[in-house]
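Before any comments, here is the structure.
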Amino acid sequence: MAERAKIVSLSDAAELVPDGALLAVGGLSLNCTPMSFCRELVRARRRELELVAVVSGMSTDWLVAAGCVRKLIMGLTSFEGFGLAPNFRRAAQAGGIDVEEYSEHTLICALQAATAGVPFMPTRAGLGTDMPALHPDRTWEMVDERSGQRFLACAALQPDIAVIHVHEADADGNARMNPKLVWFDTELVKAAKRVIVTAERIIDNAEFRAAPERTSIPGYAVDHVIEAPRGAWPTACWPEYPYDGQFYLDYQRAARDPEAFAAFFSEHVAPLPDPAAR
Amino acid sequence: MAERAKIVSLSDAAELVPDGALLAVGGLSLNCTPMSFCRELVRARRRELELVAVVSGMSTDWLVAAGCVRKLIMGLTSFEGFGLAPNFRRAAQAGGIDVEEYSEHTLICALQAATAGVPFMPTRAGLGTDMPALHPDRTWEMVDERSGQRFLACAALQPDIAVIHVHEADADGNARMNPKLVWFDTELVKAAKRVIVTAERIIDNAEFRAAPERTSIPGYAVDHVIEAPRGAWPTACWPEYPYDGQFYLDYQRAARDPEAFAAFFSEHVAPLPDPAAR
Amino acid sequence: MSNWTIDELMVAALARELPDDTVCFNGAVSFIPVTAFLLARATHAPGLIWVASSIAVDPRPDRIGESTLSDALWDGAAMLQSSAADFWSYAQSGRLNTFCFRGAQMDAYGNVNNTVIGSFDAPKIRLPGGGGMADLGCQVPRILLWSTTHDPRTFVDKLDFRSGLGWGDGGDHRARLGLPGGPRACVTNLAMMDFHPESKRMRLRSVHPGVTVDQVVAATGFELVIEGDVPETEPPTDEQVRVIREVDPTDARKREFG
Amino acid sequence: MSNWTIDELMVAALARELPDDTVCFNGAVSFIPVTAFLLARATHAPGLIWVASSIAVDPRPDRIGESTLSDALWDGAAMLQSSAADFWSYAQSGRLNTFCFRGAQMDAYGNVNNTVIGSFDAPKIRLPGGGGMADLGCQVPRILLWSTTHDPRTFVDKLDFRSGLGWGDGGDHRARLGLPGGPRACVTNLAMMDFHPESKRMRLRSVHPGVTVDQVVAATGFELVIEGDVPETEPPTDEQVRVIREVDPTDARKREFG
């Protein structure tokens with residue numbers, strides 16, 4: 001099945017994402033985020049990305065710190081108990097990035113509208129809040145003439161590329177999470193034009209055929225597969241490894257001082273471009 | 001957890017479904033349909049049911065044969081390679097039942113609208129066909145003012161009760177399919193006001209806790225659990241038993257003659273009410 | 001003398017319409033398409049992905065069996081797609097790009113009827129219903145039609161009910177509805193048709209060995225587009241016949257005849 | 001002298017608002033609610049179902065740990081709800097009927113802000129964002145609020161941004177939007193509030209032992225509804241304290257203080 005070989009090396013990963021791409025990054029908060037892939041984007045000095053991150057933290061903070069992000073389309077961005085995401089916070093406060101804030105579910109609705117090929121997806125979520133008015137061209141209130149019922153319309157949002165992290169994948173693109181905890185990731189996979197999967201391990205196709213009910217994502221929905229051992233670090237890849245709490249603490253401490261942070265980031269992630277270049 | 005005990009005996013099953021109820025029956029064609037439950041509805045002489053059956057065959061034919069059904073809301077009704085469903089066909093041709101035909105996906109959209117609490121769900125499915133005009137109050141074409149894009153709006157359809165068949169369930173209502181093949185069943189479960197699960201086996205709650213990633217439906221979404229060994233017969237309960245092809249053949253043969261069918265039905269399902277009573 | 005039968009010719013003709021990037025799936029009573037998928041995958045289109053019964057991804061069954069929705073087709077699958085919601089997502093997004101239709105009636109634009117013969121409210125014959133036809137006809141970019149009964153009762157000028165969309169009213173109707181692709185070809189027991197690029201009316205592409213153009217015209221209830229000389233349908237090669245009999249050793253494909 | 005601490009009083013007060021038919025779940029940094037769910041389940045509400053991190057159904061963890069979204073809470077779950085789409089379905093249908101909110105700012109109608117302090121475009125402080133607040137505030141029928149910082153900076157007359165909906169503009173605003181239920185109570189480090197049945201403004205129900213009504217009024221940036229004499233909040237019983245320390249042996253609940 002050489003015809004189906006979809007494997008790309010991690011070092012070539014960034015070439016799959018052009019500057020300015022609308023990129024959806026999977027994972028949930030401290031969990032199962034394609035961090036190795038994000039590091040490659042930082043190394044490659046990607047610019048002007050429009051990042052879709054439903055509930056994220058470290059991945060978004062890395063990409064913002066390195067100046068890769070023009071716009072962040074998000075539901076929530078934080079380090080949870082480890083505090084606010086420092087570079088996201090600074091950039092947002094300084095106007096360094098354009099923040100397009102949705103709620104979790106309205107953002108999922110926008111992705112589902114793209115999947116279904118419809119102009120918008122209706123929901124009761126967000127009614128009566130200040131969120132819809134942030135982007136009236138993307139989310140607007142409507143009233144159903146027949147029932148008189150109000151709803152929020154969420155315009156279709158189709159990422160150019162979605163990248164998610166899984167436990168195992170094969171050359172056909174089949175992907176498996178152990179166990180099958182897919183979070184929002186399948187919504188990103190279904191909606192995006194192209195899909196990249198990073199995996200802890202590349203396994204033989206025969207292993208998928210031996211337990212087909214455990215496959216999380218069908219190969220035909222995946223365009224590229226990248227082997228990335230511990231590819232979710234410092235986020236968790238449950239049940240294989242936990243998030244690295246010490247890294248979050250050290251990161252926060254370093255983030256208090258620009259020089260300390262540049263050194264820390266350069267040591268643990270990748271060299272930061274000098275501010276002039278950002 | 002006696003507080004959570006949800007188990008009902010099969011003999012009391014029909015009491016859960018009042019005459020005239022909007023009842024959604026799970027399964028897919030020749031597969032995993034709650035047939036034992038349908039037999040109880042026939043025995044109890046249920047009347048005026050509004051049946052929601054996305055893709056069904058024998059279950060619908062039994063309920064129609066026994067005069068339980070006023071309206072059938074369906075995507076497709078047949079015995080596949082075993083021919084047309086004889087009683088459904090006769091009743092529809094004679095005007096004995098009201099057939100509200102959707103397509104598979106537009107019917108799922110209507111159920112999903114009920115789940116989401118929105119007036120309708122949009123889809124491209126059904127555009128340009130004769131189906132929407134069958135029920136203009138339930139499905140109608142709309143144009144998004146902003147994009148000019150056409151779509152079909154599918155009005156919310158909320159079943160009073162959904163009944164599905166699974167391999168294993170417990171007293172809390174947790175349900176498992178081995179493997180987890182849920183067909184349309186989860187859409188019915190999510191949309192319905194009340195949910196009934198029939199199971200090949202009632203197992204101990206501890207067995208669910210031992211493999212939580214294999215649970216198909218959470219207990220909090222299920223109201224009643226009924227033990228029904230071989231409860232899908234004559235449809236299949238893959239991988240445990242296949243559909244009973246011989247039964248389909250014998251059923252079709254008997255259906256050619258009213259008396260022969262009455263005898264066959266009485267022997268294998270339940271006595272038919274005399275025609276006068278229907 | 002030829003060593004092939006009409007079912008094998010139809011399977012081979014349908015298989016030729018399936019390129020290597022095909023991601024296809026099947027519904028009920030689809031023995032000819034399923035055999036064609038297996039033939040194409042085993043010969044010119046090794047990259048073809050088939051989702052059996054719309055559930056089992058890329059399976060390796062050793063026979064086809066008596067139902068094209070049954071688990072008999074699922075052996076060796078790489079994934080069992082467990083929920084209809086997931087399936088519909090991929091069908092709508094275009095990842096699943098190919099589906100084959102047949103209907104009790106088909107018209108000149110490749111629209112199909114599987115709902116009723118006669119009026120909907122008082123049908124002469126109540127058929128199974130459109131099922132997924134209305135959904136897939138609208139949303140799957142590559143549609144292939146087939147019929148084992150090429151006669152005026154099946155190929156009609158006007159459908160009694162439009163269950164599934166082909167090219168609609170023809171011309172740019174699908175485009176005006178904002179729908180992708182459309183029907184590409186129609187394989188029957190008499191001939192091979194495609195669709196005129198502008199009018200989107202069914203066009204006679206080739207007649208099967210031993211069948212005349214007049215026979216096809218007489219068997220078709222609407223006016224076929226006929227341009228110049230109509231060639232003969234290429235018969236299946238010995239290799240194709242061998243593979244067909246290998247992937248369908250129990251002749252399930254013949255169930256669609258008589 | 002009392003043998004309980006303020007975190008334990010808040011947990012007990014919140015737990016009393018949870019009846020036996022509660023089906024609840026939690027988001028990030030929700031140590032007080034999670035402890036209250038475990039207390040209620042272990043005492044007066046054995047039928048309560050808690051979905052840990054919105055993922056693990058009815059788990060039996062032996063401690064709470066450092067993140068209320070982490071798998072440390074999932075031990076012994078009856079189901080791992082694998083997809084967000086499934087979760088949202090049950091949250092929208094009302095099967096999941098109870099959620100607890102806290103916000104950097106809360107107003108008199110129980111609306112919350114977790115987006116920005118200052119203006120959205122040039123914030124003084126960029127907060128994490130509303131996350132699921134806008135979704136759950138609108139769709140979950142039973143909302144409970146809590147705060148460990150009852151002061152004028154948190155309880156404000158006007159939110160800088162309405163991330164999550166409580167009673168909206170008050171009165172019948174939620175009903176006019178076609179939304180179910182609404183906020184029922186608010187537990188803080190100083191007092192217990194509920195909402196006036198007509199105006200839907202926050203109403204002082206009880207003050208915690210050692211706290212005066214004047215202190216609560218001074219700590220609240222909007223005008224509280226106060227009707228007659230305000231009783232003292234019932235302190236946790238010895239049994240409740242014992243159970244709280246049993247279900248949260250590492251004092252995770254104290255992480256929300258200082």
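Chain naming here is simple, since letters A, B, ... match the order of the sequence lines and numbering starts at 1 in each. Note that this is a predicted model, so its numbers are computed, not measured.
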Suppose a student defines contact as a heavy atom less than 4.5 Å from any heavy atom of chain A. Which residues in [range] would they list?
range: residues 101-120 of chain B; result: B:Ala116, B:Gly117, B:Val118, B:Pro119, B:Phe120
range: residues 138-149 of chain B; result: B:Trp140, B:Asp144, B:Arg146, B:Ser147, B:Gln149
range: residues 226-240 of chain B; result: none

Check your understanding: What residue, out of B:Arg150, B:Glu213, B:Arg124, has the most heavy-atom pairs lying under 4.5 Å from chain A?
Key ->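 Heavy-atom pairs under 4.5 Å are most numerous for B:Arg124.
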Exercise for review: Determine, stepwise, if the pair A:Met121 / B:Met121 fulfils side-chain contact (heavy atoms from CB on, under 4.5 Å).
Suggested key: CA-CA 7 Å; A:Met121 201 54 77; B:Met121 201 55 78; 3.5 Å; yes
Exercise for review: Could you tell me which residues satisfy side-chain contact (heavy atoms from CB on, under 4.5 Å) with B:Ala133, sequence neighbours excluded, listed by chain and number?
Suggested key: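 side-chain contact (heavy atoms from CB on, under 4.5 Å) check on B:Ala133 returns nothing, list empty.
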